[in-house]
Amino acid sequence: MRVLPLVENEMLKLWKRRRFRLVLLILVGLIGTIVFAQVQGREKFRSKKDWRIDTQERVARMRNWVRQGRMPDTQKNWMQFEISRLQYHLDRNIDPEAVSGPLFTRGFANAASYLLLHLLAIVFAADVVSSEFSQGTIKLLLTRPISRSRVLGSKLVALLLAIGLTVLIGGCVAYLFGGLAYGFRGWGVPILTGFRQTAGTFDASGVRAVPLWEDVIAVFGLAWFAAAAVGAIGFLASVLLRSTAASMGTMFAALILGTILPRLAPTWAFQKYLFPTNLPLPDYYSGSPPPISGMTLEFSVITLAVWALAAVALAFVVFTRRDVLA
Amino acid sequence: MPLPHRCEKVLRVREVVLSAKNLTKRFGKRVAVADVSFEVLAGEVFGFLGPNGAGKTTTIRMLVGLARPDAGSIHIRGLDLARDFQGAMSHVGCIVESPDLYKYLTGRENLLHFARMLPEEAAARIPEIAKRVSLEERLDDRVSTYSLGMRQRLGIAQALLGNPDLLILDEPANGLDPAGIREIRRLVRSLAEERGIGVFVSSHLLAEVELMCDRVAIIHRGRTLASGPVRELLDRPRGPHRFTVRPAGVAISVLGPFAESGTAEAEGEEDVAVNLSKERVPEAVRALGAAGVEVFGIERPASSLEEVFLEVTGGETV
Ligand SMILES: Nc1ncnc2c1ncn2[C@@H]1O[C@H](COP(=O)(O)OP(=O)(O)OP(=O)(O)O)[C@@H](O)[C@H]1O
Ligand SMILES: [Mg+2]
């Protein structure tokens, strides 16, 4: 028995339930709103100032704050880091804020990988299995001459496909809207990458210039990876809880915890092993400081991979053994 | 010399398509199914009769591999379900509990969906099967617009996709009107008689089983109380005849001698209940006529499931 027709089935159900269409609509609405807001806000002061003066002012302001020192250490570290980043751009005469369609696309992936893409991944993952239970169709699905693991496998493949498509389509919509607002060109612009924070200081030793498109691909790849990890864990929740609402609620809570915990309890080191803390991968890549010091891109990628693989393995074990009494 | 046609049919050994041995299932401490055994032959309709909560659905869940029995074994066309799930299930079509299909898909999309989970030729059977369950006209409507009867028939269509040798239906008459029930019954009978499919049907309605099935097992509180051909098990001497007559007083004295118990009893103003065999009814009617009693009707209520239970359990509490 081939697996492809099963994946086809799962994709058909995703599409026909309008869930996928809803997600697309959310992406379009959201990106449209962002671009609109940006354009409205920018127009007012764009012509007034030279970007160089603007950036120099920002650097000076931040230096001043750091010198006064009335802030927590984490914030101070971040500010020093931002100062050196801006200085680096100033030295090379590159506008750190200049926007183009491609740059907007990258910015979107960065911002979306904080919460948006993960939320969308959960929307798919939460009911990929549980909806079959609540509809009662699981009884038909598991009484075909096909092993349970194959049925579940096809659902996992469809889920990863849907998440990949969402990231891809999000990127395309962002490029379209960003392009309409800021111009479609600029994929080849050299961009500085490899900023790193080591022991609280800005480290430019790994910095190199790459064409923007290379950077964008890396950022989107990381965004997809993080969203896929969320999807895999949501998949487990869907198998365990057998209820769409319950698995969505649980996963949302986990995500929100991941965004607030590093801020409210930055000194609790163990949280770097929790999956929500590790999710903003593209941000590391672009040189933002990690949520908890000592975390690196490699560390987070490996941690997420371990979580995702363990979740999928557990989902298969539970799904293939448990009695279906729905 | 070739055997006459009828003889041939009788001599052919019917294959056992489903054999369940000593099935047991517990939910915590509660035993839902206890030591249930039966066999279903090709071409017969086997009834699984029991009241609510008897363990019918739980048994069916085990038969189709949704739940694992705590003890016992299941063989479908000789294949052990626990060892060769895929091989065994390739001969089975089923509806468990209720005909749940994807409501947001059309009937055809549903059938295509389940055909994709079967060998490739299944999809080609869709038009023929849709015709068989008389659903061709509504096949391209969403299932959410279907009536319960149509859903039940779509469920059966789905079960037939794999060209099964064994069809398992859980209370197929549930919620249907008499016409719908008749239609399902006719379909089930024809599948068994024409296609030689072995059909396992659960039900809590005695009358339905009587009309539809060849053999029956009666299950109560997880145990099979009795099993055998429907005629032997359900067609026992039934309750009293009820005569609707005027005047009742005269009728009682006329009918008394006919009764097996020796007396006739008044059951309301114009009804008289008498225990008597079918053969003596015409005689009794003539006697009533001779005595000037007007007869408005005679009926014999079918024995209820409870009465059959009482009989097969020998009067133990049900
Ligand atoms: N998931 C479950 N957990 C615990 N007990 C259960 C479960 N499913 C069924 N039971 C119990 O098993 C027994 C048999 O239930 P089952 O659903 O098999 O009955 P049934 O014969 O199909 O009844 P009905 O005619 O109402 O459909 C009942 O006592 C029921 O309470
Ligand atoms: Mg039931």
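Every chain is numbered from 1, with letters handed out A, B, ... down the list of sequences. On a predicted model such as this, the values are computed, not experimentally measured, just so you know.
In this structure, the portions of B/R68 lying under 4.5 Å from any heavy atom of chain A include both its backbone and its side chain. Heavy atoms closer than 4.5 Å to chain A are found in both the backbone and the side chain of B/Y102. Residue B/T57 does not touch chain A at all, counting heavy-atom pairs closer than 4.5 Å. Contacts of A/L4 with chain B are absent, with no heavy-atom separation under 4.5 Å from either backbone or side chain. Heavy atoms closer than 4.5 Å to chain A are found in both the backbone and the side chain of B/L101.
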**Prompt:** After noting the C-alpha distance and the side-chain angles of A/K13 and B/H113, does the key distance pass the side-chain contact (heavy atoms from CB on, under 4.5 Å) rule?
**Reply:** CA-CA 9 Å; A/K13 285 183 267 184; B/H113 174 281; 3.1 Å; yes

**Prompt:** What's the verdict on side-chain contact (heavy atoms from CB on, under 4.5 Å) for B/R116 and A/E8, showing C-alpha distance, side-chain angles and the deciding distance?
**Reply:** CA-CA 9 Å; B/R116 279 190 211 104; A/E8 190 185 336; 3.4 Å; yes

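Against chain A, the residues from residues 137-161 of chain B that qualify, each with a non-hydrogen atom under 4.5 angstrom away, are B/R142, B/Q158 in number order.
Listed options A/L325, A/I138, A/L142 were ranked by heavy-atom pairs under 4.5 angstrom with chain B; first place goes to A/L325.
Ion pair B/E97/A/K139 not flagged as a salt bridge, since none of the NZ, NE, NH1 or NH2 atoms sits closer than 4.0 Å to an Asp/Glu carboxylate oxygen. Under a 4.0 Å N-O distance rule, the pair A/D323/B/R61 does not qualify as a salt bridge.
Contact of the A/L141 side chain with the B/M117 side chain is registered, since non-hydrogen atoms from C-beta on lie closer than 4.5 Å. Annotation: side chain of A/T143 is not in contact with side chain of B/V92 (no heavy-atom distance under 4.5 Å). B/E109 is listed as a side-chain neighbour of A/K16, based on a closest heavy-atom distance under 4.5 Å.
Counting heavy atoms of neighbouring residues, nucleotides and ligands inside a 6.0 Å radius, atom CZ of B/R125 exceeds 12 of them. For CZ of B/R26, the number of neighbouring non-hydrogen atoms (other residues, nucleotides, ligands) closer than 6.0 Å is 12 at most. When the shell of 6.0 Å around OH of A/Y273 is examined, it contains 12 or fewer heavy atoms from other residues, nucleotides or ligands. More than 12 heavy-atom neighbours from other residues, nucleotides or ligands sit within 6.0 angstrom of CZ on A/F184. Within 6.0 Å of atom CZ in A/R21, more than 12 heavy atoms from other residues, nucleotides or ligands are found, so the atom counts as buried in its surroundings.
When all heavy atoms of B/G65 and A/R148 are compared, the closest pair comes out as O-NH2, 3.1 Å. Smallest separation of non-hydrogen atoms from A/L140 and B/C94: CD2-O, 3.9 Å.
B/D100 places no side-chain N or O within 3.5 Å of a backbone atom of A/T137 that could act as its donor or acceptor partner.
In this structure, B/Y104 OH and A/Q135 CD are separated by 4.5 Å, a value rounded to the nearest 0.5 Å.
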